[in-house]
Amino acid sequence: MLTLIISLFFGAMAAFAIARMRWKLSEFMHTFFLIGMMVPVHCVLIPLFVRFAKLGLTNSQGGLMIPYITFSLPMTIFLLTGFFRSMPGEMFEAAAIDGCGIYGCFFRIALPLCRTGFFVSGLMTFINNWNELLLAMVFISDPMKKTLPVTLTYFVGPYATNYVQMFAAIIIAIAPTVVVYSLFSNQIVEGLTTGAVKG
């Protein structure tokens, strides 16, 4: 949840700056974050582990949050940028005339109108982080700190597999994502269409 909140907060600020603020490097930063979506985690796994081991961030859930947030930000910024660009610019001009500053436009106008975008990016971040296996398996060595997808691998042995317990654990693992996606599937489809096409 903390990863979700941090990625949404900083992703929304970056997306608003790219979509609505006029500065020279806005398009460059947009392209920079889009490139981040194309970097697979396997390419940076070894350098990340070496650096985190030197900093003492391995085998801790706090250290695991850093790559989770980093890999969640590009998609969040991409989706929210489309939502912010689809908003009428006249609203922000009227707010500026009434004396509303940048932070006021962001918190009072942009965020309330971008609830669907937050639904979409938040659900995608939640599902991706909940089902993530590789980073948690590499960075966490303490069995008490491992995430749920990693513990599912314990049911598979070199000579035998306990299919009964493994299937029960799989149902428990996928239940939250199925429930969340079932409840908010309409918002996901609507938000993806709005954020990707109108932007």
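Considering all non-hydrogen atoms of both residues, Cys105 and Ala95 come closest at SG-CB, 4.0 Å. Between Ser7 and Leu73, the shortest heavy-atom distance links the atoms O-CD2, 3.5 Å. Of all the heavy atoms in Thr76 and Ser72, the pair that sits closest is OG1-O, 2.9 Å.
Residue-environment remark: CD1 (Ile46) stays at or below the threshold of 12 foreign heavy atoms within 6.0 Å. Phe107 CZ: more than 12 foreign heavy atoms inside a 6.0 Å radius.
Hydrophobic cluster membership is shared by Ile6 and Leu80, with clusters built from Ile, Leu, Val, Met, Phe, Trp and Tyr side chains linked at under 4.5 angstrom. Ile66 and Leu134 fall within a single hydrophobic cluster, where Ile, Leu, Val, Met, Phe, Trp and Tyr side chains are chained together by heavy-atom contacts under 4.5 Å. Tracing side-chain contacts under 4.5 Å through hydrophobic residues (I, L, V, M, F, W, Y), one never reaches Val39 starting from Met37; they form parts of separate clusters.
With Asn59 contributing its side chain and Ile140 its backbone, the two residues share no donor-acceptor pair below 3.5 Å. Between the side chain of Asp142 and the backbone N or O of Met144, at least one donor-acceptor pair lies under 3.5 Å. Of the possible donor and acceptor atoms, none in the side chain of Trp130 sits under 3.5 Å from a partner among the backbone N and O of Thr125. Arg20 places no side-chain N or O within 3.5 Å of a backbone atom of Ala17 that could act as its donor or acceptor partner.
At least one side-chain heavy atom of Ile18 sits less than 4.5 Å from a side-chain heavy atom of Arg85. Contact check for Met87 versus Phe92: side-chain heavy atoms found under the 4.5 Å cut-off. Counting heavy atoms from C-beta outward, Thr147 and Glu132 have side chains that stay 4.5 Å or more apart. Taking 4.5 Å as the limit, some side-chain heavy atom of Met137 sits within range of a side-chain heavy atom of Thr153. Contact check for Phe16 versus Thr81: no side-chain heavy atoms found under the 4.5 Å cut-off. At a threshold of 4.5 Å between non-hydrogen side-chain atoms, the residues Ile170 and Phe167 count as touching. With contacts defined as side-chain heavy-atom distances shorter than 4.5 Å, the pair Ile69/Phe10 does not qualify.
Residue pairs meeting the ring pair (Phe, Tyr, Trp, His ring centres under 6.0 Å) criterion with at least one partner in residues 51-70, sequence neighbours excluded, are Phe52-Phe139.
In this structure, Phe78 and His30 have parallel ring planes: the angle between them is below the 30° cut-off, well short of the 60° mark.
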